[in-house]
Number of protein chains: 2
Amino acid sequence: MLNAKKRKTRKVSKGDVLLSSGDIAIYGYQVLSGCLRSYVIDRNGKEHILQFAPEDWLITDLDSAMNKKPSAIFIDAIEDSEVISVRVAEFMNFHSLDKNTLVEMNLKFRNSIIASNKRVINMLCATAEDRYLEFLETYPDLAQRIPQKLIASYIGITPEYLSDLRRKLANK
Amino acid sequence: MLNAKKRKTRKVSKGDVLLSSGDIAIYGYQVLSGCLRSYVIDRNGKEHILQFAPEDWLITDLDSAMNKKPSAIFIDAIEDSEVISVRVAEFMNFHSLDKNTLVEMNLKFRNSIIASNKRVINMLCATAEDRYLEFLETYPDLAQRIPQKLIASYIGITPEYLSDLRRKLANK
DNA sequence: CCTTTTTCTTAAGGTATCTTATTTTTTGCC
DNA sequence: GGCAAAAAATAAGATACCTTAAGAAAAAGG
């Protein structure tokens, strides 16, 4: 997806913040190793994880980057990671791009829409237990690597309740 | 967004079903007048509205259309409507498209992603009351036109609970 | 290896939201 | 304009999930 001129690789340590709420997003990040996440903090101070980005995933705040408005989200590293930084605005200057790149971007966008729509369906239809089981299927790898409280945040429940659910599942 | 060869206008009556769960989506619909909706039915038989498509909106199941797999959603008309049908697969044959069309598609996709992400954030962070108030702001028009039970389905609560919320809000 | 910090578990009580059922109001239709 | 059908309101009891708090286990760091 990336052409050479706009690439820059960068090592980040666990805990490093790559985008803060209030900033305007300039870069997107493609993850080579490790794992990033994006999250929002609600008015009660609670974090809600929007996306995990392990190897090969791309993460950014499109809305902020494209519309030059302060981001509502944070992006940070939950493991030591290596990423490629992409200047989103330049990259989105469609008229400077060749057709192949546009086709590729369309594919990426399309897949993002499909993924995001699935998440909406999942949140509307599934119970917390369903969402946990689905998380395990979707990211069998991540479940071993990251703390449970991050999983809880992603599926939209408290860590305490996830702990309850896990016990109930184990007793089946 | 549409070029002449792939256009077909069509009148649909309130209640007409344009896509059923289990079918493979062939068409997308651009709404000229009236209003369509997409929804899923969960395992308990309850409907959850994913999207309203009043005038100028586009609605389809990208996942089904692109990956040729049975759709999980329904699309029907909640008002008498006039729509343009678009053959999604042909339209998505990127290599037959000119650059301008690709650029336009990228924009549309981008906006869809932004909208879908906002919905996820909204569902993770906001209470039912917040979501109702936000619906009123986002679709001041629709709130007058459609039954409350459809609004309840969209914001992810029961009609009874929406009724409660409205009373509480009125008593403030 | 030991200490500190973080994460996980457990439990009790609370709240938001659901379910079911009944009644009232609104809408659609001949 | 009146009847049937759909939608909305109301209410009581149930449940999923949250809050708080405390202790146990695991991880991190020097």
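Below, chains carry the letters A, B, ... as their sequence lines are ordered, and counting in each starts from 1. Computed over heavy atoms, backbone and side chain alike; hydrogens, waters and symmetry mates excluded.
Heavy atoms only, all atoms of each residue included: B:R131 and B:A126 are closest at NH1-O, 2.9 Å. Contact detail for B:V17 and B:D76: the closest heavy-atom pair is CA-CB, 3.9 Å. The two residues B:A77 and B:V12 have their closest heavy-atom pair at CB-CG2, 4.0 Å.
Side-chain atoms of B:S71 and B:D23 form no donor-acceptor pair, as typed in the model, at a separation below 3.5 Å.
Taking the charged nitrogens against the carboxylate oxygens, A:R43 and B:D130 do have a contact shorter than 4.0 Å, which makes a salt bridge. Between B:E47 and B:R37 there is a salt bridge, with a side-chain nitrogen of the basic residue lying less than 4.0 Å from a carboxylate oxygen of the acidic one.
Atoms OG and CZ, from B:S112 and A:R110 in turn, are 13.0 Å apart once rounded to the nearest 0.5 Å. In this structure, CD in A:Q51 is found 9.5 Å from OG1 in A:T60, a value given to the nearest 0.5 Å.
When each of A:K14 and A:L162 is assigned the nucleotide of DNA chain D bearing its nearest heavy atom, the one mapping closer to the 5' terminus is A:L162.
Read 5' to 3', the first and last nucleotides of DNA chain D with an atom closer than 4.0 Å to a heavy atom of chain A are D:dA16 to D:dA28. Protein chain A touches strand DNA chain C; the 5'-most and 3'-most nucleotides with an atom under 4.0 angstrom of its non-hydrogen atoms are C:dT7 to C:dA11.
Sorted by residue number, the members of residues 136-160 of chain B with any non-hydrogen atom under 4.0 Å from DNA chain C read B:G156, B:I157, B:T158, B:E160.
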Intermediate values then yes/no, side-chain contact (heavy atoms from CB on, under 4.5 Å), A:L62 and B:N117: CA-CA 10 Å; A:L62 256 195; B:N117 285 342; 5.8 Å; no
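For the pair B:R119 and B:Y154, the cation-pi criterion (under 6.0 Å, within 45° of the ring axis) is fulfilled.
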